[in-house]
Amino acid sequence: MEAEIRTTAGSWGKRKTAACLSALSMGLGQMYNKQWLKGILLLILQFSYLVVFFDLFNIGLWGIVTLGEIPHEDHSIELLAKGIISILLIFIGLLFYGLNIRDAYQVGAMREKGIRPPGIWETYRTVTDKGFPYLVIAPAMLLLVFVVLFPIMFMVLLAFTNYDLYHQPPVKLVDWVGLDNFVNFFRLDMWKNSFVSVFSWTVVWTLMSTTVQIAIGLFLAVLINQKRVKFKKFIRTVLILPWAVPPFVSCIVFAGMFNDNFGPVNQMLNDLGFASIPWLTDPFWCKVAILLIQFWLGFPFSLALYTGVLQAIPSDLYEAAQVDGATVWQKFRHITLPMALYATAPLLIVQYAGNFNNFNVIYLFNKGGPAVPEQTAGGTDILISWVYKLTFVTFKYNYAAAISIIIGLIVTVLALIQFRNTRSFKEEGLIQ
Amino acid sequence: MKNKTNWAVTVPIALGSLLILFPLYLAIAVALKSPEELANSILGLPKEFHLENFMRAIEMTNFFQAFQNSAFVTVIAVVFTILTNSMVAYAIARNMDKTFFKSLYYYLISAMFIPFPLIMLPIVKETSALGMNNLFGLSVLYIVYGLSLNIFIYVGYIRSIPRELEEAAIVDGASAWGVFWKVIFPLLSPMNATVGILTCLWAWNDFMLPLIILNDPEMATLPLKQYIFQGQFSTDYNTAFASYLLALSPLVIVYLFAQKWVISGVTKGAIK
């Protein structure tokens, strides 16, 4: 057989024969290229892949389409999960299949040029050495598939089902409902109002808490950095201390302090002749309290950061400004501020992202409460705590999924705009 | 004039520091008082130290168990985050000219912005299906979810390391593996410190992942334990605050002793 092909080598070539054989079945092309061991290994890999996963693919692909047919017997959510895993595994399989064809083609091309194909030992050396970066990131990639990609696919699909408290497998089946969740979401006042108020509060919360905590940190760093300030070290230690206190403890302590009836904050207000403020029961005051707490929690990190930044700004800049007769404010505005912000831009964005997802403070202070009539979200719920409640407290998985997708889309768009606009994110200069 | 203290600045920030300390003072004062004393005055100094509050808190919450759990998760997370994430970052940083690695890098960076609720429910189902709803599984999640930020921190730094060092090692016959561990990894120590500190703070303080992942109360980490017992303490503020103080003391003590190192670690990693 080989002799035959060799005669037609001119037009067709060993590379194409090898590639075609490998396309027929993994490993055949490699054997044709006389890489026997590699070929046999690939062949075994392919058959074990098929044998091991055939049943899963069979049930998974059927399951993801139908979501099960018999209540009590078919578990819709498991079927959905199996379906997604099947699709991911098929994708990974195809990737290897493609690499196998490419390899056969390349080795075939080498043989056409009369180069002896590398043996198994050489291949091993190349893989461990040149392929080092790939080997290193492979486990990370695989884990990311299962803890990021799979969950996202699962959640996206869930948004198109009726999975909730009344459709809990295995007793009941879950069905595909198309866009129903999204339609209801924008039609029913209860959901629409909740979404609008939660979303706007999330935006206000993210922008206010982060901006103010950064501003306080920068301001204090500048103050402490002034010349001739006493007890510098001590003051710095104290001011950064809240950072070392776990937020869960601070939040619970603050929840006690702001207690409507016997909290010290109200007691002090009373002593000063003011009326008690309903910190925990009035949505507005609850928001104020949470913002104050986040300022307390958040500024020490910025302070620590800017203390380092300020010391790195060359002092001749200030001396030159001094000579030109710049005021304190002008020095701050045109030297300190731009230098400090530029040096920390990526971390600022990380802080905004962190507060957007700041579940700790919201949930530990007042569980997102107080309750608001005719809404499914509490007065201080941000998106993350709302979705948490929908998922783990009221079991409206389908709505939780739909909301997550909407958030995901918004965040993606914002992040893209941000990436385009932030100079320091451009190219490799992520960290200035 | 030269050595005169700038009182106009010193006094306000000194007062500001006291304001910062106030909640902490309050927590300590409440923890040391008896219920009767607390009813009389919340703000006043405790007349005598009721250390039995702490004993009761330790017994009630099984403090040492929770402490062990938190320590286990944090140590595993920190050690393996540093070992694995630095290696992944090295692989990416040295291959940024390849489209594959470059897009992987941007994929990881954008993962920083994925809202966690999006993947919360599936993660819970997945970990329990795989039998990973335990402390070990929790550590693995910290290692993987930290990847985005850590890659971001490491890659910038690795790119500033001249390639000549590696080339010299390769000439001496080192493998890619050897080059990383013998040449690159030691050079990364400032970044390892930054990443280690941030991971430590995160894993030790996190409340959300333990809340949704762990369902065996025996495995509860310190934050989760406080949350579980918040209801049981109900009006027993003294025991409750004693328990909170116990929970916050380990990190505060570490901070007070290592603060210079911690602060410089964070700033070094953040800015160059």
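Convention: sequence-line order gives letters A, B, ...; per-chain numbering from 1.
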inquiry  = Does any backbone or side-chain atom of A:N259 lie under 4.5 Å from a heavy atom of chain B? Answer side chain, backbone, both or neither.
reply    = side chain
task = Would you mind checking which part of A:I240 comes under 4.5 Å of any heavy atom in chain B, side chain (CB onward), backbone (N, CA, C, O), both or neither?
result = both
remark   = When the 4.5 angstrom heavy-atom criterion is applied to B:L211 and chain A, the contacting part is side chain
inquiry  = Quick check on A:M268 against chain B: is it the side chain, the backbone, both or neither that has a heavy atom closer than 4.5 Å?
reply    = side chain
ask   = Taking side chain as C-beta onward, heavy atoms only, is A:F146 less than 4.5 Å from B:L130?
value = no
query = Heavy-atom distance under 4.5 Å to chain B: side chain of A:L220, backbone, both or neither?
reply = side chain
ask   = So which part of B:I212 gets closer than 4.5 Å to some heavy atom of chain A, the side chain, the backbone, both or neither?
value = side chain
Contact class of B:L201 relative to chain A, heavy atoms under 4.5 angstrom = side chain
ask   = In terms of heavy-atom pairs under 4.5 Å, which option from B:M120, B:M87, B:E126 contacts chain A the most?
value = B:E126
query = From B:I119 CD1 over to A:S404 OG, what is the distance, rounded to the nearest 0.5 angstrom?
reply = 10.0 Å
inquiry  = Return the CZ to CG distance between B:F207 and A:N360, rounded to the nearest 0.5 Å.
reply    = 7.0 Å
B:L251, part contacting chain A, at a heavy-atom distance under 4.5 Å = both
query = For the ring pair A:F132 and B:F180, is the centre-to-centre distance below 6.0 Å?
reply = no
query = When rounded to the nearest 0.5 angstrom, what distance separates CG in B:L104 from CE in A:M141?
reply = 5.5 Å
message = Can you confirm whether B:F67 is buried at CZ, in the sense that more than 12 heavy atoms of other residues, nucleotides or ligands lie under 6.0 Å from that atom?
response = no
ask   = Going from CG on B:L121 to CG on A:L390, what distance comes out if it is rounded to the nearest 0.5 angstrom?
value = 11.5 Å
Which portion of B:V179 sits near chain A, non-hydrogen atoms under 4.5 angstrom = neither
remark   = Rounded to the nearest 0.5 angstrom, the CG-NZ distance for A:L80 and B:K125 is 11.0 Å
query = Does any non-hydrogen side-chain atom of A:K232 lie less than 4.5 Å from one of B:T10?
reply = no
task = Look up atom OG1 in A:T237 and atom OH in B:Y255, then write down how far apart they are to the nearest 0.5 Å.
result = 5.0 Å
inquiry  = Taking OH in B:Y107 as the centre, count heavy atoms belonging to other residues, nucleotides or ligands within less than 6.0 Å. Is the count above 12?
reply    = yes
Pairs of heavy atoms under 4.5 Å with chain B: top-ranked of A:Y134, A:F299, A:Y352, A:Y363 = A:Y134
